[in-house]
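All heavy atoms count here, side chains included; hydrogens, waters and symmetry mates do not.
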Amino acid sequence: KRTLMCVGLLPTTVFLFSSFTYDAFVIALLMLGIALFVTEYLSEEKIQTKRTMVSILAMVVGCFSKAVYIPFLALYWLMPKDKFYSRRQKNLFKAGIFVLLILMFASFILPLIGNVTSGAEVGDYRGGDTSQTSQLSMILGYPLTYTGVLLKSLGTTFASYFIGSKVLANYNEDGEAVQPDGSVKVTFEGTAIGNSGTRVLYMGENASDTETYDAQMKRKILMMKIWNAVLIFGTACLVWTALYLDFTLVGSMVINGVSPRYYLPLIFPLSLIFINQKVRCSMKLENYQSLIAFLMLIGTGISIYCLMLA
């Protein structure tokens, strides 16, 4: 819950939720679905139908507008057999998850296939002379070249898109200035000051664990971390590939249109990877939670003040 609060109080999240945008629903519903999954997965009780259905529904509805995030539904494949009442129930449940994944993927893959088979030159006009059909042909014709472009894009933006000011304290074009070399610099000190602490805080907060786990629970958490890492990487690849197909000039060696805010739904599952018992907090829980909330609000407040009032 503390981690969800930290992500929810990030300046960029607050800015998006105060705007007319579907990002708010994507972020909120995806985090809700993942949080309910974690609760269900780590529980020693049998699978609870109501909680599981709410979790799955939240993920599916949250991904209606951006289906590239639906791979996180595959977290439910981690459910161990002892969570189910029978082998048949387990097989039916995991088969149902597979069918949902296929249907959600089909929602954006089938239109692409239709455009390719019909020869339609469809793309996002904001990206210039774009074409999904021609771009897909380039990817299929030169898969290794595209893989290199994709991995380079992921690698060069990993830190800045996950824990940089562009994703944590991004107010669209406010408070930014384009430099002569084309780079964007945050021009108000409040964001840099207020959110340098925020970046450390939300990662460190999740690492501070107050629970004691036995060997079986540690193994479950390790499996969740590994699967989370795989899904985060796969989802990031889908995000970049979608913008390469739809928003990037045909044959370009760079991928355009990927905004840091597209990584906001990935921050919560990324933070789950840092769960450990080596970092301990001896503070009283109530004081600890109050301190986290206070610091998060201070970081966001400084940024808003420098933008709106200073």
**OP:** Please name all residues satisfying side-chain hydrogen bond (donor to acceptor under 3.5 Å, both in side chains) with Asn228, sequence neighbours left out, ordered by chain then number.
**Re:** none
Subject >> Donor-acceptor under 3.5 Å (Trp77 side chain, Ile97 main chain) >> reply: no
Original post:
How long is the span from the CE atom in Met104 to the CD1 atom in Ile102, to the nearest 0.5 Å?
Top reply: 12.0 Å
Original post:
Distance-only, no hydrogens or angles: does the Thr13 side chain make a donor-acceptor pair with backbone N or O of Val7 under 3.5 Å?
Top reply: yes
**OP:** Without swapping roles, check the side chain of Thr235 against the backbone of Ile232 for a donor-acceptor pair under 3.5 Å.
**Re:** no
Subject >> Donor-acceptor contact present, side-chain Tyr69 to main-chain Tyr262, <3.5 Å >> reply: yes
Original post:
Within 45° of the six-membered ring axis of Tyr22 and under 6.0 Å from that ring's centre, is NZ or CZ of Lys66 located there?
Top reply: no
**OP:** Kindly give the heavy-atom pair with the smallest separation between Tyr41 and Lys220, and that separation in Å.
**Re:** O-NZ, 2.6 Å
Subject >> For Phe105, all residues meeting ring-ring contact (aromatic ring centres under 6.0 Å, His included), sequence neighbours excluded >> reply: Phe108
Subject >> Sidechain-backbone polar pair: Lys90 side chain, Lys83 backbone, donor-acceptor under 3.5 Å >> reply: no
Original post:
Does a sphere of radius 6.0 Å around CE in Met223 hold more than 12 heavy atoms from other residues, nucleotides or ligands, not counting ones at 6.0 Å or beyond?
Top reply: no
Subject >> Atom pair CZ (Phe84) and NZ (Lys94), whose distance is rounded to the nearest 0.5 Å >> reply: 5.5 Å
**OP:** Would you check if the side chain of Tyr244 reaches a backbone N or O of Ser252 as a donor-acceptor pair within less than 3.5 Å?
**Re:** yes
**OP:** Determine the sole option in Leu243, Leu245, Val239 for which the side chain to side chain contact (heavy atoms under 4.5 Å, CB included) test with Thr241 is passed.
**Re:** Leu245
Original post:
What do you reckon, is CZ of Phe25 surrounded by more than 12 foreign heavy atoms closer than 6.0 Å?
Top reply: no
Original post:
Is there a donor-acceptor contact under 3.5 Å from the side chain of Ser43 to the main chain of Thr39?
Top reply: no
Original post:
If you round to the nearest 0.5 Å, how far is CG of Asn256 from OG of Ser153?
Top reply: 9.0 Å
Subject >> Short side-chain to backbone donor-acceptor contact, Thr52 and Gln48, under 3.5 Å >> reply: yes
